[in-house]
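These notes are about the structure you will find just below.
The sequence lines fix the lettering, A, B, ..., with proteins before strands; numbering per chain opens at 1.
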Amino acid sequence: MKFLNSILIVFTLIFLTFTSCKKDEEQAKPGNVTIEFDHVWGSTEGEFSLNSELTHPMLGEKMTFTTFKYYVSNVRLKAKDGSYYTMPESYFIVDADVSGSNKAVIPNVPAGEYTDVELMFGVDSTRCSSGAQTGALDPAKGLFWSWNSGYIMVKAEGKAPTAADGSFAFHLGGFKGVNKVQTTKSYNFGSTALVVDGDREAEIHMVANPARLWHGAEKLAVKSVNTMPNALAKSMSTNFYDAVRFDHIHN
Amino acid sequence: MMKRIIFLLFFTMIWSYSCQNDQDELDFGLTYPDYFPAPHYQFGKNTLTKEGFELGRSLFFDPILSLDSTISCASCHAQGHAFADHNVALSKGIYDLAGTRNSPSMFNLAWQPIFMWDGGINHIEVMPLAPITNPVEMGQDMNTAIQKLNNNPSYSNRFRKVFGEKPIESQQLFYALAQYMSMLVSADSKYDKYRQGKVELTLDEGDGLQIFRAKCASCHKEPLFTDYSLRNNGLEILNDDLGYGRITLDTTDNHKFKVPSLRNVALTYPYMHDGRFRTLDQVLDHYSNGLVYHTNIDPLLVQNNIIGIPLNNDEKQKLKAFLNTLSDYTFISNPLYSE
């Protein structure tokens, strides 16, 4: 009987070990993290949408966007233990004209708790000078300058009655020298960590304000077109990027 | 016994066939003389194959890449002129529209770090994006170009063979063209044969080489005959083309243009970024006594406060004799590069 008992114990132990192992595996399932960029207009954070007339709070000029898109790349998530998960090939075009493109999905993030997200606005210099790329970096996307190699990192176009020919076009880019546009930003989630665990929802909500492009720029009546890397491209993009803020996370 | 022999024969055939294939693969690649430096373009993920090269060659000669299917790369880059245009100053694109610069010759591009007269393009793979999309050249949106290729069963098939089972995208087009362009190696001129000890230069050609080395070679560096720098060579300013200054927005780069290779120079007239000089005599006269002072003029063109390169008529004749040794008739008639 004793012998039987010990056999039972051994079997139970083995069974427990196996099932608990299984449980651990389930807990360790990687999941997707979505970074959502919500677009607002001005410091009052009013509604921003294409093809509707907006008044710029600082310039006082009316403008109707027909295009608004920008690159986000090189996404990394910082875990509680200080280590990073770096998404391979992370290049996104956030395009106000393409629904869903404001959600950058990072697949297969290892399960765990994350405290920060780090990302680059624009495209790194390596990919600006490494020849033909694919995906979001495909030159057929219309965001690669043919005559002056490098990506247009922010593109804002539209109509403005005060502009010289009634329209505006800002193609902001430049990946080297003092006027390089791409910049890396890091955002801390505060007291609540982002939990990644299998199919569980994990969303990071960011707020971007295209009105900030003109935070330090002249009125459209004076300057309505800038389509090459230069100091203005640098200052407009910097003003826009600096005002992108972390809003909240969804766990 | 018979069965065994047949089997062995069969096996040997397969064996030799596969060996043959391996040999073909090995034979196909970028070859160049030992006095050339290592190529700048290393192909990277773009694996060079015979089929990829041939696909690039077909695309180079096919007007399908232009808006109205009238202009191909070869329209303005003719092999007989070392892939420069047919001796015209400014090339014509779709609808007979004219560009503002002279079509450059094309060879030894695997060694070239920057492209265009103003150096604005930083990689051989993205080079064709400019002529394909330029409204006065081929004038075609990249998406339309790719769609046209996908709709073409022959291209669809060939792209699949080279790049695998997926729809054609711009990277594949650029890869194929880069394979063709990189393989355009010009290294069989009389100068090359002289470098390889196969022929002697004539007295005039030899003297010309010495003059060249003393007075021209710091910019037109051997053996590629360019140092790929951007310089102002004292041309009279005829229009608002700022050259390199347009790229850097630095006024000290205004009116600087890329130093072109002098290989095949006798075959590629007219000369300069705008094709203003028709003959080599005009070019040599420009350097000896035609330079116009510009704040950005290259310091090498100003010696002891005198602008220009001192050259007498005798030296000019010998220089010309030497420059003619840079014509590569093997290159311009090589069937490997032809349609």
Side-chain angles (χ1 to χ4, degrees), chain A residues 67 69 88-89 91 93 95 97-98 123-153 155 157 169-182 223 225-237, chain B residues 40-46 99-101 113-135 137-147 149-150 163 166-179 182 242 244-250:
Chain A
T67 301
K69 49 180 130 179
E89 282 297 308
Y91 296 92
I93 299 169
D95 184 344
D97 201 29
V98 178
V123 177
D124 49 282
S125 62
T126 305
R127 293 304 179 98
C128 288
S129 47
S130 302
Q133 306 293 319
T134 54
L137 298 179
D138 184 339
K141 302 278 183 198
L143 293 173
F144 191 84
W145 274 302
S146 65
W147 57 279
N148 188 1
S149 300
Y151 286 92
I152 296 168
M153 304 189 190
K155 193 175 198 172
E157 292 175 336
F170 291 90
H171 301 177
L172 313 177
F175 66 90
K176 55 188 176 187
V178 288
N179 292 328
K180 78 168 190 178
V181 159
Q182 76 274 23
K223 182 81 181 167
V225 177
N226 192 66
T227 56
M228 60 194 298
N230 55 19
L232 181 61
K234 171 74 177 170
S235 74
M236 287 182 78
S237 58
Chain B
H40 177 80
Y41 182 50
Q42 297 288 334
F43 293 92
K45 289 185 208 155
N46 184 15
T100 55
R101 292 182 186 152
I114 51 169
F115 296 83
M116 304 312 234
W117 279 106
D118 58 22
I121 296 179
N122 66 14
H123 201 286
I124 191 170
E125 287 167 11
V126 292
M127 212 299 303
L129 179 67
I132 292 172
T133 57
N134 189 319
E137 295 183 44
M138 297 162 99
Q140 181 142 277
D141 171 71
M142 275 312 294
N143 288 307
T144 317
I146 298 304
Q147 201 184 340
L149 293 174
N150 271 309
F163 297 105
K166 49 192 172 185
I168 301 165
E169 52 180 70
S170 77
Q171 188 186 55
Q172 300 170 10
L173 168 65
F174 293 138
Y175 275 6
L177 285 169
Q179 291 196 23
S182 305
L242 296 178
Y244 192 37
R246 170 179 178 249
I247 301 301
T248 63
L249 301 180
D250 182 342

Exercise. Between B:Y41 and B:E125, does any side-chain donor sit less than 3.5 Å from a side-chain acceptor?
Worked result: yes
For this session: Using a strict cut-off of less than 4.0 Å between a Lys/Arg side-chain nitrogen and an Asp/Glu carboxylate oxygen, indicate whether A:K69 and A:E157 qualify as a salt bridge.
Result: no
Problem set entry | Interchain contact, B:I146 with chain A, by part (heavy-atom threshold 4.5 Å) | neither
For this session: Could you tell me which portion of B:T133 (side chain, backbone, both or neither) has an atom closer than 4.5 angstrom to a non-hydrogen atom of chain A?
Result: side chain
For this session: Could you tell me which portion of B:Y175 (side chain, backbone, both or neither) has an atom closer than 4.5 angstrom to a non-hydrogen atom of chain A?
Result: side chain
For this session: Kindly check if the number of other-residue, nucleotide or ligand heavy atoms within 6.0 Å of NZ (A:K155) is above 12?
Result: yes
Exercise. With a 4.5 Å heavy-atom cut-off, do B:I247 and A:W147 have their side chains touching?
Worked result: yes
Exercise. For the atom pair CG (A:L232) and NZ (A:K234), what is the distance rounded to the nearest 0.5 Å?
Worked result: 12.5 Å
For this session: Sort out for me which of A:G174, A:S146, A:C128 touches chain B most, counting heavy-atom pairs under 4.5 Å.
Result: A:S146
Exercise. Looking at A:S149, A:S129, A:A231, A:G177, which has the largest count of heavy-atom pairs under 4.5 Å with chain B?
Worked result: A:S149
